[in-house]
Amino acid sequence: ETGVTQSPTHLIKTRGQQVTLRCSSQSGHNTVSWYQQALGQGPQFIFQYYREEENGRGNFPPRFSGLQFPNYSSELNVNALELDDSALYLCASSSTGSGRSYNEQFFGPGTRLTVL
Amino acid sequence: GDSVTQMEGPVTLSEEAFLTINCTYTATGYPSLFWYVQYPGEGLQLLLKATKADDKGSNKGFEATYRKETTSFHLEKGSVQVSDSAVYFCALAYGNNRLAFGKGNQVVVIP
């Protein structure tokens with residue numbers, strides 16, 4: 001069983017640029033959630049995708065957007081990068097629709113984004 | 001909104017010492033509660049969980065009990081090893097299967 005993978009591992013961008021981060025969900029999972037983890041902080045929920053649609057969003061501006069593809073992989077796009085966007089971006093996959101109130105999320109290793 | 005608060009600061013202790021990391025939560029209803037661990041350069045791994053009041057989650061010698069009356073979910077381990085050095089996050093599930101995390105505690109175990 002393949003776990004959650006993310007690419008790239010590290011990325012350096014400058015202010016104002018745009019970035020795309022990628023996530024492949026674990027086999028059998030249909031839901032992807034994205035989290036931002038600033039240095040020394042806990043992860044913050046950005047948004048979640050289920051059946052290729054956004055299924056909930058945290059307190060992040062519209063310049064954070066995403067996609068989910070038919071194979072359940074996902075992208076996180078950030079436009080007009082700011083210095084404060086420097087963080088570890090974590091993707092988590094889970095399986096919605098099992099009837100349980102909570103479905104365990106499995107995390108990838110993350111993408112470290114540095115904005116200069 | 002729903003949130004988690006962890007005790008401030010890193011935790012440094014000697015091998016075989018007793019570990020406690022405090023976690024309290026604020027939530028409507030009774031959310032599922034979790035402890036995640038993050039080793040250097042890695043993503044988050046689920047350590048243990050509890051889905052209802054008085055449940056005790058346990059794994060790899062770690063334990064935490066869901067205390068409704070004190071809205072707490074403190075993590076404990078009776079005898080830590082150097083390999084337990086990591087960052088530990090308390091979290092709760094809210095809304096549609098999303099997680100709210102505490103700030104995390106760096107645990108350093110000295111041989």
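Labels below follow one simple rule: chain letters A, B, ... track the order of the sequence lines, proteins then strands, and each chain is numbered from 1.
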Fill in: Portion of B/Tyr94 that has a non-hydrogen atom of chain A nearer than 4.5 angstrom
side chain
Worksheet item: Is there a side-chain contact between B/Leu99 and A/Tyr35, using heavy atoms and a 4.5 Å cut-off?
Response: yes
Worksheet item: Would B/Ile110 and B/Val80 show up in the same hydrophobic cluster when neighbours are defined by side-chain heavy atoms closer than 4.5 Å?
Response: no
Practice prompt. Give a yes or no answer on whether the side chain of A/Glu104 reaches the backbone of B/Leu46 with a donor-acceptor pair at less than 3.5 Å.
Written response: no
Worksheet item: Side chain, backbone, both or neither: which part of A/Gln41 has a heavy atom under 4.5 Å from chain B?
Response: both
Worksheet item: Do A/Leu90 and B/Leu44 have side-chain heavy atoms sitting under 4.5 Å apart?
Response: yes
Discussion item. Do B/Ile21 and B/Tyr25 land in one hydrophobic cluster if side-chain heavy atoms of ILVMFWY residues count as linked below 4.5 Å?
Written reply: yes
Worksheet entry | Counterpart residues, side chain to side chain donor-acceptor pair (under 3.5 Å), relative to A/Gln36 (two or more places apart) | A/Tyr89
Worksheet entry | Single-linkage hydrophobic cluster A/Phe45~B/Phe34, side-chain heavy atoms < 4.5 angstrom | yes
Discussion item. Could you check whether any side-chain heavy atom of B/Phe89 comes within less than 4.5 Å of a side-chain heavy atom of A/Gln37, counting everything from C-beta outward?
Written reply: yes
Discussion item. For B/Lys103, is the NZ atom crowded, meaning more than 12 foreign heavy atoms sit under 6.0 Å from it?
Written reply: no
Worksheet entry | A/Phe106 with B/Leu47, same ILVMFWY side-chain cluster at under 4.5 Å | no
Fill in: Distance (rounded to the nearest 0.5 Å) between A/Asn55 CG and B/Arg98 CZ
6.0 Å
Item to complete: Please state whether the side chain, the backbone, both or neither of B/Gln38 comes within less than 4.5 Å of a heavy atom of chain A.
Response: side chain
